[in-house]
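Lettering of chains follows the sequences in order, A, B, ..., and the numbering in each one begins at 1.
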Amino acid sequence: MQIIWQPKIALIFFLLIFFIIYFFYLSGEKKYKKDTFQTMAYFSGKTPSQNIKLQNIYWGFFEDFKKLYMFLAKIQKENSNDYIFLFILGSIIFLLALSL
Amino acid sequence: MFDVVLKFIMMLIVIFGSVFLGLFFKGIDRILSAKMQRRIGPPLWQPFYDVRKLMIKESVIPKGSIKWIFELFALVSLTASILILFYIPILGKSILGNSGDLVLIIYLFIFPGLSLVLGAFSSNSSYSNLGGQRLIINMLGYEFPLAIICLTPVWLVYKKGFSNIFSLNTIYEHNVWGLTSPLGIIGLLLESIVVFFVIAGELSKTPFDIDTADSEIAGGVLAEYSGRNLAMFYMAEAVKMIALASLFIALFFPWNIQGNFGIMFLVYLLKIFFIIFISSTLIKTVTSRFKISRLTRFYWGYLSLFAIIGFLFTL
Amino acid sequence: MINFIFLTVIFLIIIGLFGTMFKKNLIKLAMSINIISNGVNLFLISLGYRQGGIAPIFTNAPNLKMVSPTPQALILTNIVINLAVTAFLLSLSILIYKKEKKL
Amino acid sequence: MTSHLIILIIAIPLLGAFLLPLLNKFGKRIKYFWLATVLGLTDIFSFFLYLLIIEKGEVVYTLGAKFPLLVSPQGFPIRIILEADALSGFLSFIFLSIIFLIFIYSLKILSNYSFLDKFYVLYLLLTVGILGFLFTGDFFTLFVFYEISSITTAGLIAFFRSEECFKSAFHYLSLFAVGSLFLLFGIGILYSEYGFLNMGIIAKVLQFSFLDKVALSLIASSLLLKAGVFPFYFWKPEAYKVSPISAILLSIISSLSAIYILFRIFLGVFGVNLIFGWILILFSIFSIFMGIFLAIKENNIKKILAYLAISELGYIILGISSGIVMLNNDFGFKAIQGGLFHMVNDILDIGLLFLIIGVVIYITKSKNVLEIRGFGHKYPWLAGFFLLGVFAISGMPPLNGFASKIIIYESVFHLSPVLTIIGILGSILILAILIKIFAIIFLGISPEKYQPVPKTAMAVIFVFAILMISIGLFPGQFTSFFINPAAEALVSQQNYICK
């Protein structure tokens with residue numbers, strides 16, 4: 001029988017499971033002491049500023065591709081000479097590939 | 001009307017059964033890894049006590065966090081992991097088998113990790129932020145070998161010319177090992193080794209648990225979660241273990257002795273135990289944690305290399 | 001004779017491309033784009049060439065042989081477009097010069 | 001009246017663009033009313049055109065002829081001809097309705113900038129450029145519309161009148177001037193060999209000599225430049241960084257129309273040849289990964305979304321070109337369907353993200369949006385819709401991104417499993433990048449005081465979200481009504497060549 005992706009069935013079952021679990025979830029404890037020391041985020045050492053910089057968030061991922069990023073940053077400077085040079089280079093590559 | 005009721009009951013069985021099984025195997029896993037480190041370890045039903053205790057404790061919402069994201073994604077992670085089990089053929093046809101396939105399951109596996117990451121980012125503490133970033137790096141890592149492994153059986157089924165090759169039911173019926181040449185068998189063996197590492201990575205067990213690294217970032221992703229939200233994530237992780245194990249059983253180890261339902265279910269439990277023992281208990285006690293920058297190199301370098309070699313063997 | 005024209009076309013285009021790729025000055029860049037455009041126009045004109053044909057004006061055309069009119073129509077539009085592009089480029093370089101004091 | 005539909009769809013925005021400065025004298029209210037009628041009318045006409053095409057098949061319209069719909073006796077019209085078949089009709093309807101929505105969105109968002117009538121003149125001219133791409137029947141009008149859209153996009157880039165905008169407008173325009181001259185050179189070569197300009201006839205008489213290959217590569221590289229795919233993607237981040245939000249969305253749509261005309265030329269005129277298909281598949285794989293690799297490192301929000309737009313285009317071209325390469329078995333047709341379906345989903349997904357980023361910029365009025373903003377606290381609806389957009393782009397199951405990506409993955413698998421693996425890996429990487437943006441902008445504490453989100457902007461974002469969810473939940477009906485006739489039109493080459 002041909003597999004056709006039916007999103008409606010998936011959504012219905014997702015919601016059914018969600019409600020059953022929500023029903024179980026409600027039996028848990030809801031109250032907590034608001035605005036006390038309990039809700040402060042846990043810091044073991046000196047408390048840094050509330051927001052840490054998320055900019056270079058994929059530090060681990062970059063480490064392995066450091067050389068590639070250096071190369072990419074080098075060839076792509078923002079001026080029209082480089083743009084036109086890259087465009088002509090690309091169309092020459094395209095022509096060579098096409099004429100194989 | 002009758003089969004709707006039947007389906008509803010089946011659904012209830014699968015939901016509570018998967019949660020029960022997940023916590024049960026989590027208990028066994030903790031006892032075995034304790035025994036391997038020559039300590040006694042917690043009683044068998046410890047995970048159930050944990051869940052009950054968590055349900056009673058207060059579930060604190062951290063001050064700076066957004067309430068609806070914080071709680072919604074705790075529930076979403078549990079529902080998504082249970083929904084995966086609906087699409088995996090455990091002992092025959094899967095419940096929703098004819099409306100979803102392998103690509104859907106690969107994407108559904110992203111949901112629990114994703115909701116963990118969103119929960120961590122929304123709980124506004126630098127430890128959980130760090131944990132969330134590391135979990136994304138972990139997810140980026142294991143997706144590549146996971147995709148290769150899941151698609152090799154599809155390739156084998158495709159080579160044999162079966163119809164709708166992506167549905168798990170066809171893969172489950174045609175035993176993958178029987179479809180290939182002897183060279184392919186070696187390739188599949190290689191891939192099944194990679195399977196165990198991918199399961200360890202996806203459950204973020206020790207060599208890959210950079211996100212809940214207790215020594216480095218104090219509980220990491222779930223630092224700010226408590227009470228019933230933490231219970232949800234706890235159960236989601238247990239169910240995900242069962243879902244992953246049964247996915248790879250359906251793909252790589254589908255043998256089963258023909259008996260009545262009880263024996264076949266028992267064999268299925270034994271297979272799950274076998275996979276979970278190797279992938280999470282054995283690897284957890286043997287290896288130590290990866291440095292973050294070495295993690296991607298291990299995933300995309302060695303693991304996917306073996307997976308690709310295995311895949312090429314099966315060509 | 002024909003390939004002599006194509007040589008000049010290729011020559012013009014190469015000069016223009018050289019100008020755009022290696023000249024930093026914005027005005028020179030606009031000029032070299034103009035050169036490429038003229039090169040392409042020359043190429044199009046040379047396609048419609050007939051031996052000894054006259055300009056394709058219909059009044060005295062019935063007895064004499066005309067040069068084919070379609071490429072000339074193309075070139076008219078291309079010249080207009082090139083005018084618009086160069087005007088825009090030069091006005092942008094004026095604005096850049098006003099702010100940055102060097103081209 | 002119905003026979004003049006095509007030319008009306010192009011003429012009305014043109015007329016609207018030229019009358020706009022005049023009407024601006026009478027005040028803002030009339031200008032917006034005029035713009036709304038112009039865009040609304042063209043949108044309705046394009047829907048009627050689509051219905052006309054569905055029942056009567058392809059429409060060929062020769063400009064200036066007494067009986068425009070009759071092909072002249074010698075069998076091919078000399079004049080400029082416009083062609084519309086199921087694919088271009090469907091695309092024009094989708095593009096025009098989205099352009100209308102973007103116009104309503106930018107009513108409030110851009111209201112505090114001066115020279116707004118100049119903006120909307122360029123806005124309408126760019127719509128004309130896009131429609132021109134969809135309906136051209138011959139190469140030279142393609143060149144003219146190529147020029148129109150590149151000059152107007154350069155104008156839109158320079159709209160904010162800052163020094164940085166002028167520089168990037170200059171870079172953009174000089175690059176596209178050279179690109180259009182390459183296009184003209186390619187057309188000249190084809191004209192020199194066959195003496196015709198319109199695509200239908202050249203497709204009939206074309207033999208695939210070396211000179212044709214040169215011409216094809218020139219035309220294809222200038223169109224790929226317009227589309228912003230792998231080898232020619234470098235201009236996009238700088239252009240998107242400085243141009244206003246609605247201009248970015250319009251240039252995404254014009255990239256899609258460039259992809260449409262590229263495949264129209266590739267399939268209709270040059271016929272199915274495998275080298276060209278394989279080159280495009282290679283380009284799409286590189287553009288998926290290049291887009292993601294550069295987006296991870298970036299810190300400017302518009303640049304990140306520009307790179308993601310490049311990798312989404314990569315998916316579209318991957319689907320369509322691999323469909324073309326394996327056209328003989330039925331999976332090729334499914335791949336083309338997946339590619340076209342992804343075209344529609346891509347505009348909605350990337351569009352929704354850009355709309356929300358536009359609202360964030362409108363509220364914070366800061367250039368670099370990527371600081372901790374904590375928008376989630378005060379704007380829960382924005383956070384929810386952004387999350388919806390994130391899930392849709394990375395292809396999470398119930399939404400429309402998944403509906404088209406699953407078709408692409410499963411049909412591309414028959415060509416080679418490597419493509420499916422790349423696709424799955426690409427979407428998880430896109431997800432990782434967008435989660436970072438979501439976390440930075442919407443989560444975390446920040447002293448952001450509450451400003452009401454403009455009603456019109458919120459309404460358009462809501463409409464985009466509804467469209468995404470409904471396409472995601474009912475992919476079957478959407479494909480059968482819209483995508484199937486369009487895919488057949490693209491594939492069937494005979495009725496494209498002049499009857």
If you round to the nearest 0.5 Å, how far is CZ of C/Phe6 from OG of D/Ser192?
-> 7.0 Å

C/Val9 vs C/Val40, side chain to side chain contact (heavy atoms under 4.5 Å, CB included): CA-CA, chis, key distance, verdict | CA-CA 7 Å; C/Val9 164; C/Val40 175; over 6 Å; no

Checking D/Ala169 against chain C: side chain, backbone, both or neither under 4.5 Å from a heavy atom?
-> both

Could you go through the side chain to side chain donor-acceptor pair (under 3.5 Å) check for D/Tyr240 and D/Asn300 one step at a time?
-> CA-CA 10 Å; D/Tyr240 285 10; D/Asn300 178 323; over 6 Å; no

When rounded to the nearest 0.5 Å, the distance separating OG1 of D/Thr127 from OH of D/Tyr123 is 6.5 Å

Please state whether the side chain, the backbone, both or neither of D/Phe185 comes within less than 4.5 Å of a heavy atom of chain C.
-> both

Would you mind checking which part of C/Leu44 comes under 4.5 Å of any heavy atom in chain D, side chain (CB onward), backbone (N, CA, C, O), both or neither?
-> side chain

Indicate, with yes or no, if the rings of D/Phe145 and D/Phe133 have centres closer together than 6.0 Å.
-> no

Lys/Arg-Asp/Glu bridge criterion (N-O < 4.0 Å) met for D/Lys167, D/Glu238 = no

So what's closer than 4.5 Å to chain C heavy atoms on D/Glu147: side chain, backbone, both or neither?
-> side chain

Among C/Asn82, C/Leu47, C/Asn41, which residue forms the greatest number of heavy-atom pairs with chain D at distances under 4.5 Å?
-> C/Leu47

Exercise: do C/Ser37 and C/Asn34 side chains pair donor with acceptor under 3.5 Å = no

Interatomic spacing from CG in D/Leu22 to CG in D/Leu19 - rounded to 0.5 Å | 6.5 Å

Run the side chain to side chain contact (heavy atoms under 4.5 Å, CB included) check on D/Leu190 and D/Ile219 step by step: do they pass?
-> CA-CA 10 Å; D/Leu190 280 182; D/Ile219 294 172; 3.9 Å; yes

Spell out the residues in residues 20-32 of chain C that have some non-hydrogen atom less than 4.5 Å away from a non-hydrogen atom of chain D, in order of number; otherwise answer 'none'.
-> C/Thr20, C/Leu26, C/Leu29

Go through the atoms of D/Ile189 and report whether side chain, backbone, both or neither lie under 4.5 Å from a heavy atom of chain C.
-> both

Contact leader toward chain C among D/Phe143, D/Phe170, D/Tyr191, where contacts are heavy-atom pairs under 4.5 Å = D/Phe170

Under 3.5 Å donor-acceptor, D/Tyr146 side chain and D/Ser222 backbone = yes

Who among C/Leu89, C/Ile33, C/Thr86 has the most heavy-atom pairs with chain D under 4.5 Å?
-> C/Leu89

Okay, D/Phe176 and chain C: the region with an atom under 4.5 Å from a heavy atom over there is neither

